[in-house]
A.B. asks: 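For reference, the structure I am asking about is given below.
Predicted model only: the values in this text are computed from it and were never measured. Convention: sequence-line order gives letters A, B, ...; per-chain numbering from 1.
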Amino acid sequence: MSDPIEKNQQILLIDDDELILKVINRILSREGYDVKTATNGKDAMELIEMQKFDLLITDIMMPYSNGFEVISKFKQHPNAEGVPIIVISSVGTENAVREGLNIGADDYLRKPIMPDELLIRVRRFFK
Amino acid sequence: MPAIILADSLFGPFFRKYFYYYDSYPLVIQIAIFLTGVAIVTTVVAYSSILLRRGRGYLVDARTKKINQFLDNLITDHIIFNEDVMNGVALTDVQIDLAPFQKPIFRQTWVKQALIDRLIYFSSSFSGDRNVLFRRLFIELELEKLSFKKIKSISLSTKIVGLVELTSMGIAVADVIILPLTNSRNRKLRSEARIAYIKLSKNDPFKFFDDATEPLLLWDQLELFKIITTTEGLTIPNFARWITYSTNKSIVSFCLKLVIHYNQHEAIPAIVKLLDTKDHYLRVDAINCLGKLKAEEVEEKLILIYNNQPLRCQIEILKALGRFSTGNQINFLRNEFLRSTDFDIKKNAARSLIKHGRQTKEVVQMLIDTATPESAIILKHCMNPLIKY
């Protein structure tokens, strides 16, 4: 368990893979983060409208609107100011990474995910 | 008896009305009535079977969903949140509690199969230490025995499932089992076996190239290429070995692509020998490979053979000259551009000239000034840096 100061940070986790969603949710919740989940871009945007998050973790390939669309919409939202974004995606091509970082992502993780690595990267944003 | 009475009271008047005089109807009407009856019965049977299958499918889905949730929690608790891993214990000393996975429910084959599927899914979703533990769990529960059993099955689709399971979990399969499958006449099995061999073979992952008699289809090449270039720790051999000795043209063609990817300049002598092959598709691949490797030493040879080649090879030679950009063949390219009446030749000659950069700046300008309107359009088209070939 990490520093208690970090607790109650709000994280929005978006992925259409329910297994990944469930496992990452458990990993982050176990660390004391308050995690909300969405399985597609549409639901994610609804959550963003309702509350402010401290970190956004999103997949790229998703139904309705993909991760890039979610990021660009999120970036324009008043609730998004200064909120870091981590992309987790099985699309690991140079172009996808470049596009993700260009569009405003702060970090890019390739699937399959290393849970410990994700945790370290999340903690880094809250230091 | 009551059923017959009920049926007679319900349908009796109908049957009596229409079938009492059945024998006296004309033959055509009798056939029509018979066929209508057959059609009605067939439709009812077909719809019932669809309904039954859907019902059964729904039940299986519901059962699988329920067990998957149970298995996901079990795997997450014991592998993802394994206490030893969380406490930083060295991977070799990490203990997996097998007891929850050995409960009576796991004696059922379908539950074991669901566990295999979930482990594969977890394995493809998470990497690092957890991935090693998924594999360890798979082995310690002796689930690989089920997969090996599948490989020995007569059914080809079952064999494929077994192969995919073992490949996904990184379980080594003996050459005697897997090598014959790499030459199976069944395309899917052959493809999976080849992928499995490359992924699992420790010493010589490309050994099956030696005896491959069945063709390596383009789609299979794509899949294999992805596996070869993304599998970590793979020993990459000198592909000239198969370019020289393989009698399987698709293997030679695939090796040429791998030579380009791994930039194997030591394979150039073997590729040059391919320029004499009778198969012009293979010659195209060889010239393409030489061009991409920038094997300038073969430039003269390519010019020598140019006039005796079919169109595809000529185009590839022109492209290769552009890739070399030595400046020695500027006149040749200019002449081809001016002389040829074929659009593709003109276009590739122009493109290769322009690729020379500064060396051909004046030549290209002179061609633009003196060319026919059609040739000028081709030149300007080739000069557009946004248009890729």
A.B. asks: Under a 4.5 Å cut-off applied to non-hydrogen side-chain atoms, are B:Phe122 and A:Ile20 in contact?
C.D. replies: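 No - every pair of side-chain heavy atoms lies 4.5 Å or more apart.
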A.B. asks: Tell me, side chain or backbone of B:Ser125 under 4.5 Å from chain A's heavy atoms, or both, or neither?
C.D. replies: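 Its backbone and side chain both get close to chain A.
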A.B. asks: Please determine whether the number of non-hydrogen atoms from other residues, nucleotides or ligands lying under 6.0 Å from atom NZ of B:Lys188 exceeds 12.
C.D. replies: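 For B:Lys188, atom NZ is not crowded (no more than 12 foreign heavy atoms under 6.0 Å).
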A.B. asks: State whether the number of non-hydrogen atoms from other residues, nucleotides or ligands found under 6.0 Å of A:Glu81 atom CD is greater than 12.
C.D. replies: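 Count not over threshold, so no.
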A.B. asks: I'd like to check B:Met86 versus A:Arg30 (side-chain heavy atoms, cut-off strictly below 4.5 Å). Are they in contact?
C.D. replies: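 Yes, close enough: below the 4.5 Å cut-off.
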A.B. asks: Would you indicate whether A:Glu18, at its atom CD, is surrounded by more than 12 heavy atoms from other residues, nucleotides or ligands within a distance under 6.0 Å?
C.D. replies: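 Not more than 12 within 6.0 Å, no.
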A.B. asks: Could you go through the salt bridge (Lys or Arg N to Asp or Glu O under 4.0 Å) check for A:Arg26 and B:Asp72 one step at a time?
C.D. replies: CA-CA 12 Å; A:Arg26 270 190 70 178; B:Asp72 286 356; over 6 Å; no
A.B. asks: Taking non-hydrogen atoms and a cut-off under 4.5 angstrom, which of residues 102-119 of chain A neighbour chain B?
C.D. replies: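 Residues A:Pro112, A:Ile113, A:Met114, A:Pro115, A:Asp116 are the ones that qualify, each having a heavy atom under 4.5 Å from chain B.
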